[in-house]
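The analysis underlying the following values was restricted to heavy atoms, covering all of them including side chains, and did not include hydrogens, waters or symmetry mates.
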2 protein chains.
Amino acid sequence: MAIELDDDATAKRQVNLGPLATMLSFALRRAQAVVGEDFQRSFAVEEIRPMLFSIMLVLKHNPGLRQSLASAALGIKRTNFVPLFDELQERGLAERRQVAGDRRAAALFLTEAGLTLLSRLEHVSAHSEAHFTARLGAEGRAQLLGLLHRLGDTAFDVDTSEAQAG
Amino acid sequence: MAIELDDDATAKRQVNLGPLATMLSFALRRAQAVVGEDFQRSFAVEEIRPMLFSIMLVLKHNPGLRQSLASAALGIKRTNFVPLFDELQERGLAERRQVAGDRRAAALFLTEAGLTLLSRLEHVSAHSEAHFTARLGAEGRAQLLGLLHRLGDTAFDVDTSEAQAG
DNA sequence: TATTGTTATACTCTATAACTATA
DNA sequence: TATAGTTATAGAGTATAACAATA
């Protein structure tokens, strides 16, 4: 069950990655792949993808949330949120309820089954996170989170009028 | 041209992300999205996607590389490498050459046009990297790279026999 | 007019299985 | 039998345009 990751390691030793080795975008993609694989494999038992887990988690902490807010907070488009939530609903893990005062909006909730499953998933997630914390150390992990948030949270505060060719 | 990122920021202020706020997988996904968008927008002028750029970069530093090694080093499957390289070849940016001694293998090279375009892309990339370095500071950036490599490079050194339910 | 949710659609990246031609 | 490259195909995430119902 070696998952053929030896190949990658061997190749990296033989191949000169050049500037890629110090590019943020590349390092992020690789790290995300490794962490993502671990999560995906962990959640596979419950047939839950990371994205569904994220949605459930947000709903647990914000019962009655609107779809627009939920998707914006998770960084996905309203339009892509719909089929994801449909899946949770069809599986009996979450539900849409009507909102008094705005007949367009839907309030989102986890069901009992959803909450039950979620608490199992949270254990799995904690286990996976612990795995990586072990590799980075507690401070390393905290540092990494801080740096990632500094990259991700701000979005852009720079204007896009920099179309000057080099 | 506000790219509707205000919505995300507003939503995040209103929504309690709970454990997601301190999960590596989530922070990585968000950071990768921001950095990836910036790269994608930068490269859009030349109609080059980040993945094509990575391939070109590796080829520049390893002329004559075999496909298997190239794809393994970049962390993508041989099978997915093929159409990507086909695209480079059809656009006259790279080419496959026969290898003396092994008629199965192909040696990959950038063309003159490929090298010319690549040097332009490298400027664009440097600009984008600088943008994020400015946000993190030089040490912050170095720290981040180190931590990401510690996550990504090792792949797994842990066995998969941990299927114990909690 | 603007907003909430929705459908339809397409593109990119990723993943598996099976094939060919060599070795 | 194994390896290098290839084809076909499917899944998952993300993007845009356009619509209905409601505000």
Judged by atom type as modelled, is there a donor-acceptor pair below 3.5 Å linking the side chain of [X] to the main-chain atoms of [Y]?
X: B:His149; Y: A:Ala21; result: yes
X: B:Ser128; Y: B:Asp38; result: no
X: A:Asn62; Y: B:Asn16; result: yes
X: A:Ser71; Y: A:Gln67; result: yes

Nucleotide [N], atom [atom2] - distance to [atom1] of [X] in whole Å:
X: B:Leu84; N: D:dT7; atom1: CG; atom2: C1'; result: 15 Å
X: A:Leu52; N: D:dT14; atom1: CG; atom2: P; result: 12 Å
X: B:Leu65; N: D:dG5; atom1: CG; atom2: C1'; result: 14 Å
X: A:Phe81; N: D:dT14; atom1: CZ; atom2: P; result: 13 Å
X: A:Gln32; N: D:dG13; atom1: CD; atom2: C1'; result: 11 Å
X: A:Phe53; N: D:dA12; atom1: CZ; atom2: C1'; result: 18 Å

5'-most by nearest nucleotide on DNA chain C - A:Val82 or B:Arg49: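 Comparing both residues, the 5'-ward one is A:Val82.
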
For A:Arg29, all residues meeting salt bridge (Lys or Arg N to Asp or Glu O under 4.0 Å), sequence neighbours excluded: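 With neighbours one apart ignored, the set is empty.
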
B:Arg41/B:Glu37 salt bridge by N-O under 4.0 Å criterion: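 Salt bridge: no.
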
Salt-bridge contact B:Lys60-B:Glu122 (side-chain N to carboxylate O under 4.0 Å):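 Yes, B:Lys60 and B:Glu122 are salt-bridged.
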
side-chain N/O B:Gln67 vs D:dT6 OP1/OP2, d < 4.0 Å: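 For B:Gln67, the contact criterion (side-chain N or O under 4.0 Å from OP1 or OP2 of D:dT6) is met.
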
Protein-to-nucleotide contact annotation, 5' to 3' order, nucleotides 16-23 of chain D [B base; S sugar-phosphate only; - none; under 4.0 Å, heavy atom]: BB---BBS

Interatomic spacing from CG in B:Leu88 to CG in B:Leu110 - rounded to 0.5 Å: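 Going from the CG atom of B:Leu88 to the CG atom of B:Leu110 covers 8.0 Å.
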
Nearest-nucleotide 5' precedence on DNA chain D, B:Ser68 against A:Met51: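 First, find each residue's nearest nucleotide; the 5'-ward one identifies B:Ser68.
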
Parallel, tilted or perpendicular, as decided by the 30° and 60° cut-offs, for the rings of B:Phe39 and B:Phe43: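 Correct class here is perpendicular.
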
Where chain A begins and ends its contact with DNA chain C, read 5' to 3' at 4.0 Å from heavy atoms: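 Under 4.0 Å from chain A, the extent on DNA chain C is C:dT3 to C:dT14.
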
